[in-house]
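Have a look at the structure below, then the notes.
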Amino acid sequence: MRPEPASTAADIHHRIWTELQRATVDRHHEWRTPVLATTGLDGLPQARTVVLRGADARALQLTFFTDSRSPKVAELQVAPSAALVFWSQRLSWQLRVRVGTRVHTAGALVDAAWSRVSQSAAASDYLSPHPPGSPLHPPTADTAGTHHLAVVTARIEQLDWLELAREGHRRARLTPDTIEWLVP
Ligand SMILES: Cc1cc2nc3c(=O)[nH]c(=O)nc-3n(C[C@H](O)[C@H](O)[C@H](O)COP(=O)(O)O)c2cc1C
């Protein structure tokens, strides 16, 4: 284990948010596809990959899109606490964040998201008359323009950063103003 470095909380916080913001625009960024862990309706763990769509450092908020009929939405409506895990080999950084989520199915946030998604190949995912996870049906025509896009905002409550390095791993629990160094 390396001795405590001189890096400040603000320093590391800034570097983390720079990478998160890059990941929302860079298709090749390894942090673009974190794993989202939730509590299933049966009380057991559930996890799946999602695409990071937004990262707002000031609001400590991450955003992703999903289908409002997907099981994860039902889960988050019952148990809004979730975790996101990011790993980047390039950075040798793992980020584990505990978040409080909100699911938005209507309103300005969803309208803005749909205007983005509707221009992309992913639009058809949200226009299918069949909910995600339902048995496979023969193809059916999309219902005229009705989409099922939901925007999930995830406010960061706790952030655990781990850096792997040959000269010694570093791990810290961070808030925007504080840093607590932990045994990796
Ligand atoms: C690379 C990758 C990116 C994905 N991105 C999303 C996403 O942004 N939103 C989403 O709802 N599902 C996404 N999925 C699909 C989910 O991992 C999952 O299979 C699906 O949403 C059903 O999850 P649920 O049954 O827990 O609701 C992605 C899968 C992969 C492999």
Side-chain angles (χ1 to χ4, degrees), residues 16-57 59-140 142-143 145-157 159:
I16 289 170
W17 281 96
T18 300
E19 294 297 340
L20 285 170
Q21 274 151 4
R22 279 186 191 149
T24 66
V25 289
D26 176 356
R27 284 176 179 280
H28 302 293
H29 199 295
E30 294 157 298
W31 278 7
R32 191 171 174 80
T33 48
V35 172
L36 168 75
T38 53
T39 304
L41 294 179
D42 55 6
L44 297 173
Q46 284 287 355
R48 80 290 286 155
T49 312
V50 291
V51 173
L52 183 67
R53 299 290 184 176
D56 180 340
L60 294 179
Q61 187 172 282
L62 305 174
T63 304
F64 58 90
F65 298 165
T66 191
D67 190 304
S68 58
R69 303 163 298 173
S70 69
K72 75 179 83 48
V73 165
E75 291 166 12
L76 291 172
Q77 278 163 343
V78 173
S81 284
L84 284 154
V85 183
F86 302 78
W87 159 245
S88 166
Q89 190 159 358
R90 174 178 63 84
L91 299 165
S92 284
W93 283 2
Q94 173 186 259
L95 205 58
R96 294 163 71 187
V97 291
R98 220 186 41 221
V99 292
T101 61
R102 278 185 61 192
V103 179
H104 309 260
T105 53
L109 207 55
V110 177
D111 294 345
W114 180 244
S115 70
R116 258 171 81 183
V117 173
S118 60
Q119 314 292 323
S120 73
S124 59
D125 296 348
Y126 298 101
L127 288 165
S128 165
H130 307 296
S134 61
L136 197 58
H137 300 266
T140 343
D142 293 346
T143 40
T146 316
H147 73 76
H148 300 277
L149 180 70
V151 175
V152 180
T153 51
R155 192 167 192 283
I156 296 185
E157 292 165 353
L159 196 153

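Keep in mind that this is a model prediction, so the values were computed, not measured. Both ligands and their constituent atoms are indexed starting at 1 by order of listing.
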> Can you tell me if Thr101 uses its side chain to pair, donor with acceptor, with the backbone of Pro80 under 3.5 Å?
Replying inline: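 The answer is yes, because a donor-acceptor pair under 3.5 Å joins these two groups.
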> Is the number of heavy atoms from other residues, nucleotides or ligands within 6.0 Å of CZ (Arg27) greater than 12?
Replying inline: no
>> With a 6.0 Å cut-off (strictly less than), is the heavy-atom count around CZ of Arg69, excluding the residue itself, greater than 12?
In response: yes
Got an N/O contact under 3.5 Å between [X] and ligand 1?
{"X": "Arg48", "result": "yes"}
{"X": "Thr49", "result": "yes"}
{"X": "Phe65", "result": "yes"}
{"X": "Lys72", "result": "yes"}

> Tell me: protein heavy atom nearest atom 3 (C) of ligand 1, and distance?
Replying inline: Val51 CG2, 3.8 Å
> Relative to atom 25 (O) of ligand 1, which among Ala122, Pro34, Pro71, Gly40 owns the nearest non-hydrogen atom?
Replying inline: Pro71
>> Do Asp67 and Asp125 have side chains that approach each other closer than 4.5 Å (heavy atoms only, starting at C-beta)?
In response: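 Side-chain contact under 4.5 Å: no.
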> Does some non-hydrogen atom of Phe64 fall short of 4.0 Å from ligand 1?
Replying inline: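 No heavy atom of Phe64 comes that close to ligand 1.
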> Should the pair Trp114 and Tyr126 be assigned to parallel (<30°), tilted (30 to 60°) or perpendicular (>60°) ring geometry?
Replying inline: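 Because their plane-to-plane angle is over 60°, the rings of Trp114 and Tyr126 count as perpendicular.
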> Is there a protein heavy atom at a distance of less than 4.0 Å from atom 23 (O) of ligand 1?
Replying inline: yes
> At their closest point, which heavy atom of Leu36 faces which heavy atom of Ala82, and how far apart are they?
Replying inline: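 For Leu36 and Ala82, the tightest heavy-atom pair comes out as CD1-CB, 3.9 Å.
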Distance-only criterion, 3.5 Å: show the donor-acceptor pairs between side-chain atoms of residues 38-46 and protein atoms not counting sequence neighbours.
from	atom 1	to	atom 2	distance (Å)
Thr38	OG1	Arg48	NH1	3.0
Thr38	OG1	Arg48	NH2	3.3
Thr38	OG1	Glu75	OE1	2.6
Asp42	OD1	Leu44	N	3.0

>> With heavy-atom distances below 4.0 Å as the criterion, list the atoms of ligand 1 near Thr66.
In response: 10 (C), 11 (O)
> Can you list the atoms of ligand 1 that are under 4.0 Å from a heavy atom of Ser70?
Replying inline: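 Atoms satisfying the 4.0 Å criterion: 27 (O).
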